Structures are given as C-alpha cells and as structure tokens.
Enquirer: 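What follows is a structure written as structure tokens; I'll ask about it next.
Keep in mind it's a predicted model, so treat the numbers as computed, not measured.
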Amino acid sequence: MKQEKVEQIIEGIAEKYIDEAARFARNREGDGKAGALRGRPRRFPWAAAACLLLAIALGSVTYAYAAEAKEYRDAVTFFSENGLTLEGLNRAEIRAVYRDITTRRFIYEKTPEVIRRAVPGWEIEQSVPAREDLAALWDRKENGDGLRKAGIRYRRDFQYRHSETRGDTLEKSILECYRDEDLIWTAEFPFYLDDWAAFPEGTVAWGWKETFSYGETTYAWIAFADEVGNVLWQQPLTHGFQNEYIASVLRNDDGTWAVISRGNLRYLCLTCLDPAGKELSFHQTEVGNYGIWNAARLGDGYIVHLGSDNEGDYAHLFRMDREGNVIGDYAYAGEDCVYHITDMAEFGGRVYLSAYAVPVQQDEGGRHEIADILDHITAKENWTIDDEELTSLLRENYTAVLLLCDPGGGEPQTFYSVKGSLGGKLSANEDEQLGWDVESFASSFFSPATSAFSIGGTCRVFHYTFAADGVLTGQTDTGETVCYAR
C-alpha cells in the first residue's frame with residue numbers, strides 16, 4: 001500500500017494533533033527527545049518520519065524572504081520534502097500554508113487538511129508483556145479462564161453414528177448459544193455445521209452435507225433459528241455442482257438473505273433467499289482456483305474476500321452488485337510486506353478490513369510467514385531457541401492492521417496498526433461502535449517435530465472500539481487468550 005494512495009485521514013484529527021507535532025519539534029530543540037504516549041494512538045512510523053522531517057525543516061528554513069517568487073519556490077520545496085500535497089491549492093494558498101507551518105502558528109484554514117493528507121495512518125502502542133504477566137496468562141489458560149465469557153457467544157458440537165459399511169458418519173450438529181456464562185438455547189441441524197452469524201431476528205447457520213445416492217455430492221446447507229433456538233427453516237442449496245460450500249451469509253436491508261458460496265472450486269456464487277429461506281435468484285462467476293473466505297455488505301452490493309495459498313495472494317477483494325455481477329477487483333499489497341485479511345465489515349459508510357502484515361520473506365521454504373524466523377533458528381547450534389527470544393522475533397515479524405477503505409474505489413483512506421500482533425475479528429456493538437480484536441503475542445515455543453506447525457504460542461486479546469467517523473475511542477485487555485500455530 002503506497003503512501004501517495006492514501007488521500008484522506010481521520011476526520012477527528014485537528015488542532016490537538018497539530019499541536020502535538022509542534023510540541024514534538026520543540027522537544028527536539030530542547031532536549032533532543034520526545035516522550036511517547038503509551039496507550040494512545042500515534043503516527044505510524046513513516047508518519048513519524050515525516051514529522052521529523054518537518055521538525056528539521058522548522059530549524060533550518062529562513063522565513064524572511066522579500067520576493068514572492070522565491071518564497072513560492074521555497075514553499076514548493078518544503079511541501080515536496082515533507083510529503084505534503086499541493087493538490088487543490090493555488091499559489092497564494094501554498095505560500096500561506098508554508099508560512100503557517102514554518103512559523104508554528106497553525107491558524108490558517110487550509111493547513112489542517114494539508115497535514116491530514118500527509119499522515120497515512122496511526123500506530124497504537126502496546127506494552128511488551130513482562131514475565132509475571134506471562135505467568136498469570138498461562139495460569140488463566142490452564143484453568144480455562146482465558147476464554148471470553150461476556151456477551152453473546154456460541155459453542156458447537158457433533159454427534160456421530162457408526163455404520164458397518166461407512167464407518168462413523170455425522171448424525172447431527174449441535175449449536176449452543178450463551179449470554180455471558182448462561183446457556184440460552186440449543187439447536188440441532190442435520191448437516192456438518194461450519195459457521196454461523198447472529199442477527200437481531202435470530203441466528204443463521206450454515207455448513208455442508210454429503211449424499212451418496214447418485215455418486216458422492218456435497219451440498220451446501222443453510223438454516224435459521226429464532227431468538228430462543230427454534231429452527232424455523234433449513235434446506236440445501238442445489239445448483240448442479242458436485243460440491244458447494246458457503247463462505248458467508250449476509251442480511252439485506254429488505255430482509256432477504258445473501259448467500260456467498262463457492263461451486264466446484266471455480267465459481268463465485270450469490271444466492272438470494274427470501275426471509276423464509278425460499279430461493280429468489282442465483283448467479284455464478286468463474287474466478288478460477290481461488291478460495292472464497294469472507295464477505296461483507298457494501299452499499300447495495302457486497303465485497304468478497306478471495307485468496308490463494310498457491311499464488312501467495314491473501315488480500316484480494318471482489319466487489320459485487322446486488323445481482324452478483326463482479327464490478328470491481330482490488331488487491332492489497334505493500335512494497336516490502338504481505339497482507340493477510342482476517343475479517344471485514346461495513347461500518348459508518350466505510351469498509352473496514354482487519355488484517356496483519358508480515359515482511360516479504362527471503363526464503364519461504366513452505367512456511368511463508370515465518371521463513372526468516374525458521375532460518376534464524378536452523379542457523380543455531382542444535383536448532384535451539386528459548387521461548388523469550390522466539391516471542392520477540394514473532395513480535396517483530398507481525399503487525400496487526402485495520403484498514404479504513406473508500407467504499408467506492410476500495411482505496412485505503414487511513415489505517416491503524418499494532419506491532420507484535422495479529423488482526424482479529426470485527427464486530428458492531430449496541431453503542432453503535434465498531435469493535436476490533438487484536439491478538440498480541442505473549443508466549444511461544446518451537447516444535448520442529450510437529451507436522452501441523454513449526455511454531456506455536458499464545459496471544460492475549462485486546463479489544464479496540466471506534467466511532468462511526470473512524471476515531472479510536474477505547475482499548476480493553478479482554479483477559480482472553482487464543483492459540484497461534486504456523
């Protein structure tokens with residue numbers, strides 16, 4: 001994601017952040033350092049670099065130019081050196097902004113917007129967990145206290161039956177819904193339960209079921225349970241595919257359901273169901289061997305996350321209209337890093353993408369996210385590394401990123417980042433705020449003999465909230481822990 005593509009910044013940035021830039025410059029002139037604001041958002045590293053350039057310029061530019069032409073040339077040079085855009089400004093306004101910044105007045109009406117456009121995003125700073133914190137974290141995990149127990153949550157289970165001819169086969173899936181620690185309801189489904197989503201009207205659940213009547217066929221299934229767990233309808237999707245699976249189910253404003261699925265490992269599909277589950281329309285688009293991983297509402301249409309492990313493509317988005325036609329195609333990548341999108345949501349008229357970034361690895365070796373770390377370990381005698389060093393390497397390798405994107409063109413308008421973390425789930429709460437879970441590395445271990453993964457560990461979950469205008473409003477350590485394995 002290139003800096004020049006980021007054209008806008010958070011609406012809430014104004015005088016207090018401009019004042020912060022001025023204080024930063026004064027601190028550098030006074031004692032050569034500026035204090036960090038822990039627990040509060042600050043500029044992303046390259047934004048901080050731009051601020052540093054600004055401070056250097058403030059100490060070296062002479063302000064008393066008599067000739068307008070020379071002042072204009074100096075102003076243009078100043079804009080260029082500090083990554084400021086000239087777009088939308090005439091000659092007089094460029095000079096006025098230049099004088100306003102270099103004199104540290106920050107009163108000219110055009111100055112805030114110029115500075116906004118120069119700052120691509122914000123970094124949220126977290127403290128590195130101390131040893132005693134890790135011990136407490138591990139104790140919570142061992143005692144089962146690391147799971148989040150507040151709010152609405154679900155638990156699934158499966159029941160099997162044995163057949164002499166086919167062995168163990170699924171009899172039913174069981175979904176339990178809890179509020180805090182209290183069980184509210186239990187529902188049963190005759191298909192393998194993949195996932196579910198909660199809505200004010202109830203819970204939609206989906207999965208798949210095999211049939212052997214005329215050869216092996218895997219049908220996608222969908223069901224709906226009301227607020228007390230009564231299953232009001234459930235049915236398969238039959239579109240002529242040998243196999244079909246559902247990636248996401250979304251609720252349209254008119255009460256209909258949008259089902260995003262993948263057919264025969266080649267087709268991106270949109271099925272529209274009425275509120276009672278009756279199929280209204282179906283559309284398919286061939287996209288090749290791309291997995292369909294997630295989807296979200298976008299205006300009157302949808303945005304769909306596709307990816308391919310084979311192609312190393314983990315941040316590819318298609319935009320679809322209400323009928324299922326693909327009308328946009330976006331890919332997110334950095335010059336020196338790879339993005340992995342983990343969740344997506346529409347909120348406040350913008351698209352939010354939860355992701356994490358890893359540096360481009362020198363030798364992928366089958367573990368593309370951690371190849372450089374594995375090379376570091378295997379270069380050691382006996383391939384040994386202590387857990388503390390390994391956790392530090394993981395924290396240096398991963399950065400959680402929340403991208404706030406233009407719903408029309410898909411371009412990032414701004415972003416938040418958290419070093420040493422993975423981007424997690426997005427959710428809207430009852431206070432009309434967006435929640436973002438961030439998984440911060442707390443412990444790890446190297447397991448070269450394990451076939452499923454080489455590095456495992458534990459992350460502590462922080463929950464951040466954002467207002468409708470994209471401004472960060474809060475941070476909470478949930479006490480929850482999640483596992484990491486690569």
Side-chain angles (χ1 to χ4, degrees), residues 1 5-13 41 44 116 119-124 151 197-199 247-253 258 260 292-307 314-320 328-334 337 339-357 398-418 421-440 461-476 478:
M1 181 177 62
K5 289 184 179 180
V6 185
E7 291 294 329
Q8 298 177 349
I9 194 61
I10 306 167
E11 300 266 335
I13 182 174
F44 202 62
R116 286 190 191 101
V119 182
W122 299 87
E123 182 182 21
I124 304 170
F199 296 90
S248 186
V249 179
L250 308 170
R251 187 69 154 166
N252 295 318
D253 290 337
I260 313 295
I292 301 171
W293 294 341
N294 205 349
R297 289 275 309 279
L298 179 56
D300 195 40
Y302 316 98
I303 190 164
V304 184
H305 177 205
L306 292 84
Y314 307 97
H316 205 120
L317 301 181
F318 276 5
R319 185 176 180 182
M320 293 197 309
D329 184 356
Y330 319 112
Y332 294 86
C337 66
Y339 287 98
H340 294 249
I341 295 176
T342 57
D343 202 6
M344 56 202 306
E346 182 188 31
F347 180 72
R350 281 187 284 197
V351 176
Y352 287 70
L353 303 177
S354 175
Y356 61 86
Y398 286 94
T399 300
V401 181
L402 181 65
L403 299 168
L404 284 65
C405 301
D406 168 34
E411 293 290 342
Q413 296 174 314
T414 186
F415 62 87
Y416 290 89
S417 70
V418 183
S421 304
L422 302 170
K425 286 289 186 180
L426 294 168
S427 60
N429 61 28
E430 298 176 352
D431 297 327
E432 298 184 351
Q433 292 189 324
L434 183 76
W436 180 38
D437 283 352
V438 171
E439 301 166 4
S440 178
V461 179
F462 290 84
H463 185 72
Y464 298 92
T465 53
F466 300 84
D469 57 3
V471 174
L472 176 68
T473 59
Q475 168 185 315
T476 304
T478 67

Enquirer: Looking at side-chain heavy atoms only, is the closest gap between M344 and C405 below 4.5 Å?
Expert: no
Enquirer: Quick check: does any side chain N or O of T342 sit under 3.5 Å from a backbone N or O of S354, one acting as donor and the other as acceptor?
Expert: yes
Enquirer: Between N252 and R297, is there a side-chain heavy-atom distance shorter than 4.5 Å?
Expert: yes
Enquirer: Judged by atom type as modelled, is there a donor-acceptor pair below 3.5 Å linking the side chain of S421 to the main-chain atoms of A400?
Expert: no
Enquirer: Answer yes or no: is there a donor N or O on one side and an acceptor on the other, between the side chain of T473 and the main chain of T465, under 3.5 Å?
Expert: yes
Enquirer: Can you check whether Y416 and F466 have ring centres sitting under 6.0 Å from each other?
Expert: yes
Enquirer: So, taking the atom named CG in D329 and the one named NE2 in H316, what distance separates them when rounded to the nearest 0.5 Å?
Expert: 3.5 Å
Enquirer: Rounded to the nearest 0.5 Å, how far apart are NE2 of H305 and NE2 of H340?
Expert: 9.5 Å
Enquirer: Looking at L403, D343, L426, which one forms a side-chain contact (heavy atoms from CB on, under 4.5 Å) with Y352?
Expert: L426
Enquirer: Only one of T414, D469, L434 forms a side-chain contact (heavy atoms from CB on, under 4.5 Å) with L404, so which one is it?
Expert: T414
Enquirer: Find the distance between CZ (F347) and CD (E432) and round it off to the nearest 0.5 Å.
Expert: 7.5 Å
Enquirer: Identify the two heavy atoms, one from H463 and one from S427, that lie closest to each other, and give their separation to 0.1 Å.
Expert: CE1-OG, 4.2 Å
Enquirer: With heavy-atom distances below 4.5 Å as the criterion, would you say the side chains of L317 and L353 are in contact?
Expert: yes
Enquirer: Using modelled atom types and a 3.5 Å cut-off, is there a donor and acceptor pairing between side-chain atoms of S248 and backbone atoms of I260?
Expert: no
Enquirer: Does some side-chain heavy atom of N294 sit less than 4.5 Å from a side-chain heavy atom of I341?
Expert: no
Enquirer: Out of the candidates L402, T476, V438, only one should pair with Y464 under the side-chain contact (heavy atoms from CB on, under 4.5 Å) rule; please name it.
Expert: V438
Enquirer: Determine, stepwise, if the pair Y330 / V351 fulfils side chain to side chain contact (heavy atoms under 4.5 Å, CB included).
Expert: CA-CA 13 Å; Y330 319 112; V351 176; over 6 Å; no
